Peer 1: 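First, the structure itself, so that you have it in front of you.
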Protein chains: 2
Amino acid sequence: MKVKDTLTYLKAHDIKPSAQRLAIMNYLLTHSNHPTVEVIYQALSTKMPTLSRTTVYNTLKLFVGHGASLSLTIDDQQQSFDGDTSLHAHFLCTRCGKIYDLPMDDSFKNQLGKTVEGHIVTELHQYYKGVCATCIKNEIKSLK
Amino acid sequence: MKVKDTLTYLKAHDIKPSAQRLAIMNYLLTHSNHPTVEVIYQALSTKMPTLSRTTVYNTLKLFVGHGASLSLTIDDQQQSFDGDTSLHAHFLCTRCGKIYDLPMDDSFKNQLGKTVEGHIVTELHQYYKGVCATCIKNEIKSLK
DNA sequence: AAACAACTTTGTAATGGTTACAATGTTGGA
DNA sequence: TCCAACATTGTAACCATTACAAAGTTGTTT
């Protein structure tokens, strides 16, 4: 993903660009690691030493408000962000804490924009918790 | 729900009973309001003046660990608890903040205990966000 | 019934993530 | 170039949660 594409992406979501916004959005679009504020801050502050945590907080809030990124609250203790705003589910590994993307059930997807028991649905979230494939492998290896 | 039933419920989940644990569990089992720690604390501290917030925190963590209640993290800013541990979905109204119970999709339900893309699934969560029926009615009323 | 050990509760203090705010920096249009 | 609107920064405040040590409770053994 080029910086120019990120610029286009921001404009498409009615977000006025700035060096900080471009850097943060570009990070989200090129990393599928579902980062926290701190992860983003640490990753970018080397290249952009004046970057402030407050800016990362404000910017991410702005992105979410404009539909340019998703806020994930799978775990109580960490808020994650996702540059992929398409409808998909998430899997949180309770061992290593990693978050994986998974497809969302079609029957659930179809309820977006519809009414369910009189309530208007504007947002859908679906997530799994458990032990990921990598942790299972490591577990087996350590038993041998 | 009688206190005796609550006692049975705690024992069934291998939780040693105490006056505080009974009171908190009984609150959860008789209220479907998906309360936060603070709501539970405020509700019970009148009847039990020595109750401490720390106890509410510790007790709820104990309940969740023993599968006697669910921890809901639908919103970043508030953690809720649910005494109904059966598989069901939730609807969060972004206007009034109320949380409603909804049925969970069967196809999603069926994945519990199974493997998805190599990951073992031990927990499922599904939730909707939007505007609830009550808020829609109030909105319409205010326009007249 | 007393003594004791294990467990639970309590209140205060510490922690740490998030937000408020005022000062500084930046941008784009007149 | 100037100016107004907007964005960023860093510090301080906030507040929900947790750590901890003291006090209280329970149940068992003698």
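This is a predicted model, so every value here is computed, not measured. First the proteins, then the strands, lettered A, B, ... as listed; each starts at 1. Heavy-atom basis, side chains included; hydrogens, waters and symmetry copies ignored.
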Peer 1: May I have the distance from A/Gln79 (atom CD) to D/dT17 (atom C1'), rounded to whole angstrom?
Peer 2: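 Nearest whole value for this atom pair: 17 Å.
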Peer 1: Of all the nucleotides listed (C/dG17, D/dT8, C/dT9), which has the minimum atom distance to the side chain of B/Arg21?
Peer 2: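 Of the options given, the side chain of B/Arg21 lies nearest C/dT9.
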Peer 1: Could you check how far CD1 of A/Ile15 sits from P of D/dT8, rounded to whole Å?
Peer 2: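 Those two atoms, CD1 and P, are 11 Å apart.
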Peer 1: Parallel, tilted or perpendicular: which one describes the rings of A/Tyr27 and A/His31, with boundaries at 30° and 60°?
Peer 2: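 The rings of A/Tyr27 and A/His31 lie parallel, inter-plane angle below 30°.
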Peer 1: Report the distance from atom CD1 of B/Ile40 to atom C1' of D/dA16, rounded to the nearest whole Å.
Peer 2: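 The answer, rounded to whole Å, is 15 Å.
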Peer 1: Ignoring backbone atoms, establish whether A/Ser52 has a side-chain N or O less than 4.0 Å from OP1 or OP2 of D/dT8.
Peer 2: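 Checking D/dT8 against A/Ser52, no side-chain N or O comes under 4.0 Å of OP1 or OP2.
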Peer 1: Once you apply a heavy-atom cut-off of 4.0 Å, does A/Ser18 come out as touching a base, just sugar-phosphate, or nothing?
Peer 2: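 Sugar-phosphate contact only - A/Ser18 comes under 4.0 Å of backbone atoms but never of a base.
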Peer 1: Backbone N or O of A/Leu51 within a donor-acceptor pair of the A/Thr55 side chain at under 3.5 Å?
Peer 2: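 Pair absent, no side-chain N/O of A/Thr55 close to backbone of A/Leu51.
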Peer 1: Quick one: A/Leu22 CG to D/dT8 C1', roughly how many Å, whole number?
Peer 2: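 Rounded to whole Å, this separation is 14 Å.
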Peer 1: Give a yes or no on whether B/Ile120 and B/Leu87 share a hydrophobic cluster (residues Ile, Leu, Val, Met, Phe, Trp, Tyr; joining criterion: side-chain heavy atoms under 4.5 Å apart).
Peer 2: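 Per the 4.5 Å side-chain linkage, B/Ile120 and B/Leu87 are not co-clustered.
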Peer 1: Kindly assign one of parallel, tilted or perpendicular to the pair B/His34 and B/His90, based on the angle between their ring planes and the thresholds 30° and 60°.
Peer 2: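 Geometry flag for B/His90 against B/His34: perpendicular rings.
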Peer 1: For a quick check of understanding: with a heavy-atom distance under 4.0 Å over all strands, which category does B/Glu38 fall into, base, sugar-phosphate or nothing?
Peer 2: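 It contacts nothing in the nucleic acid.
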Peer 1: Counting only side-chain N and O atoms of B/Gln20, is one of them less than 4.0 Å from OP1 or OP2 of D/dT25?
Peer 2: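 Answer is no, no contact under 4.0 Å.
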Peer 1: What's B/Gln77 touching, base or sugar-phosphate or nothing? Going by heavy atoms closer than 4.0 Å.
Peer 2: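 The answer is sugar-phosphate, as B/Gln77 gets under 4.0 Å only of primed atoms, P, OP1 or OP2.
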Peer 1: Provide, to the nearest angstrom, the distance between the CG atom belonging to A/Asp75 and the P atom belonging to D/dT17.
Peer 2: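 The answer, rounded to whole Å, is 13 Å.
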Peer 1: Find the distance A/Gln42:CD to C/dG17:P and express it as a whole number of Å.
Peer 2: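 The answer, rounded to whole Å, is 11 Å.
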Peer 1: How many whole angstroms separate atom OH of A/Tyr41 from atom P of D/dG10?
Peer 2: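 For the pair A/Tyr41 OH and D/dG10 P, the rounded distance is 7 Å.
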Peer 1: How close or far is atom P of D/dA7 from atom CG of A/Leu62, stated in whole angstroms?
Peer 2: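 Checked: the CG to P distance equals 8 Å.
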Peer 1: What do you reckon, are the aromatic ring centroids of B/Tyr128 and A/His119 less than 6.0 Å apart?
Peer 2: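 When the ring centroids of B/Tyr128 and A/His119 are compared, they turn out to be at least 6.0 Å apart.
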Peer 1: Taking the minimum atom-to-atom distance to the side chain of A/Thr54, which one of D/dT9, C/dT10, C/dT9 wins?
Peer 2: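 Nearest to the side chain of A/Thr54 among the choices is D/dT9.
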Peer 1: Does A/Tyr57 have a side-chain nitrogen or oxygen under 4.0 Å from the phosphate oxygens OP1 or OP2 of C/dT19?
Peer 2: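 So the side chain of A/Tyr57 is outside the cut-off, no N or O lying under 4.0 Å from OP1 or OP2 of C/dT19.
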Peer 1: Quick one: is C/dT26 close enough that its OP1 or OP2 comes under 4.0 Å of any side-chain N or O from A/Lys16?
Peer 2: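 No, A/Lys16 has no side-chain N/O under 4.0 Å of OP1/OP2 on C/dT26.
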